[in-house]
Amino acid sequence: MKLYFFQQSRATRVRWMLEELGISYDLAPVDMLKGEHKHPDYLKVHPLGALPAIEDDSGPLFESAAIIMQLADKYPEKKLAPPVGSYERGEYYQWILFAMTEMEPHLVTIAQHTRFLPEAERSTDAVARASKRFQTVAAALEARMKGRDFIVGNTFSAADVVLGGVLYFAKLMKQLDDDLPGVNTYANKTLNRPAAQKGYGTQQG
């Protein structure tokens, strides 16, 4: 298993998943600051030149949530996904897509207009709108997490990896306010897992 990796990308959450699985893998560094993600060889792996991507004997696969779900299914003995056809499996899909489509896009907007776009193209109004929408969505997650340790069922799953990865991004963008105590507790607990710390490079010692 090869993981094409850049630390400041969604590849970190895939590395977290690989660490949770406890399987061997190789890191293939791709320095986006040097434009290596646009090299013709890498574009054969990911046609848009984005990260992450993985590659094994079956071929390449990209999109972080897709990779994480595929890995959970590839190693069912690790029990990181609910049984196919169960109600919990539906919730598992629901919260993964919630994280990727309802939460993360607003964080991307905030990052673009505070870090990545040239000063002349940044919009404080865009940041304010994205932050307001994120807080509305995060309030729904806050309600979900009352009395819960994990997002689905009573055990840690790949859905927690995806959601935890998005909440890591939210922390960087300073969007997890004190009025989200349940979300903050959940984020801290998931991101303090040894596998998460390995993925994000925060492991001590």
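Residue Phe169 comes nearest to Ala111 through the heavy atom pair CZ-CB, 4.0 Å, listed as atom of the first residue, atom of the second, then distance. Scanning all heavy atoms of the two residues, the minimum distance from Val166 to Met103 falls at CG1-CB, 3.9 Å.
A donor-acceptor pair under 3.5 Å is absent between the side-chain atoms of Arg13 and the main chain of Val161, judged by distance alone. Counting only distance, with no hydrogens or angles, the side chain of Asn184 and the backbone of Asp178 share no donor-acceptor pair below 3.5 Å. Here the side chain of Glu19 pairs no donor or acceptor atom with the backbone of Ala195 at under 3.5 angstrom. In terms of modelled atom types and a separation under 3.5 Å, the side chain of Tyr4 and the main chain of Ala50 share no donor-acceptor contact. Here the side chain of Thr190 pairs a donor or acceptor atom with the backbone of Tyr186 at under 3.5 angstrom. The backbone N or O of Leu117 lies less than 3.5 Å from no partner atom in the side chain of Gln112, so there is not a single donor-acceptor pair. Side-chain atoms of Arg122 come within 3.5 Å of backbone N or O of Thr114 as a donor-acceptor pair. Here the side chain of Asp149 pairs no donor or acceptor atom with the backbone of Thr155 at under 3.5 angstrom. Between the side chain of Gln175 and the backbone N or O of Ala170, no donor-acceptor pair lies under 3.5 Å. With hydrogens and angles ignored, the 3.5 Å screen pairs a side-chain donor or acceptor of Thr136 with a backbone N or O of Lys132.
Open room surrounds CG on Asn154; 12 or fewer heavy atoms of other groups in view lie less than 6.0 Å from it.
Not counting sequence neighbours, Asp179 has no partner by the side-chain hydrogen bond (donor to acceptor under 3.5 Å, both in side chains) test.
For the ring pair (Phe, Tyr, Trp, His ring centres under 6.0 Å) condition, no pair includes a residue of residues 102-131, sequence neighbours left out.
Considering only heavy atoms from C-beta on, Met145 stays 4.5 Å or farther from Thr185 through its side chain. For the pair Lys44 and Pro60, the minimum side-chain heavy-atom distance is 4.5 Å or more. In this structure, Met17 and Ile67 have side chains that are not in contact, with every pair of non-hydrogen atoms separated by 4.5 Å or more.
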Between Asp57 and Lys74, is the salt bridge (Lys or Arg N to Asp or Glu O under 4.0 Å) condition met? List the steps. CA-CA 13 Å; Asp57 293 339; Lys74 187 171 183 176; over 6 Å; no
Hey, mind stepping through Lys189 and Asp160 against side-chain contact (heavy atoms from CB on, under 4.5 Å) and telling me if it holds? CA-CA 10 Å; Lys189 180 169 57 181; Asp160 296 296; over 6 Å; no
Run the salt bridge (Lys or Arg N to Asp or Glu O under 4.0 Å) check on Glu91 and Arg148 step by step: do they pass? CA-CA 14 Å; Glu91 287 192 311; Arg148 306 184 66 89; 5.2 Å; no
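A cation-pi arrangement is present between Arg15 and Phe5, with the terminal nitrogen or guanidinium carbon under 6.0 Å from the aromatic centre and inside a 45° cone about the axis.
Taking CE of Met69 as the reference point, atom CG of Leu80 lies at 13.5 Å (rounded to 0.5 Å).
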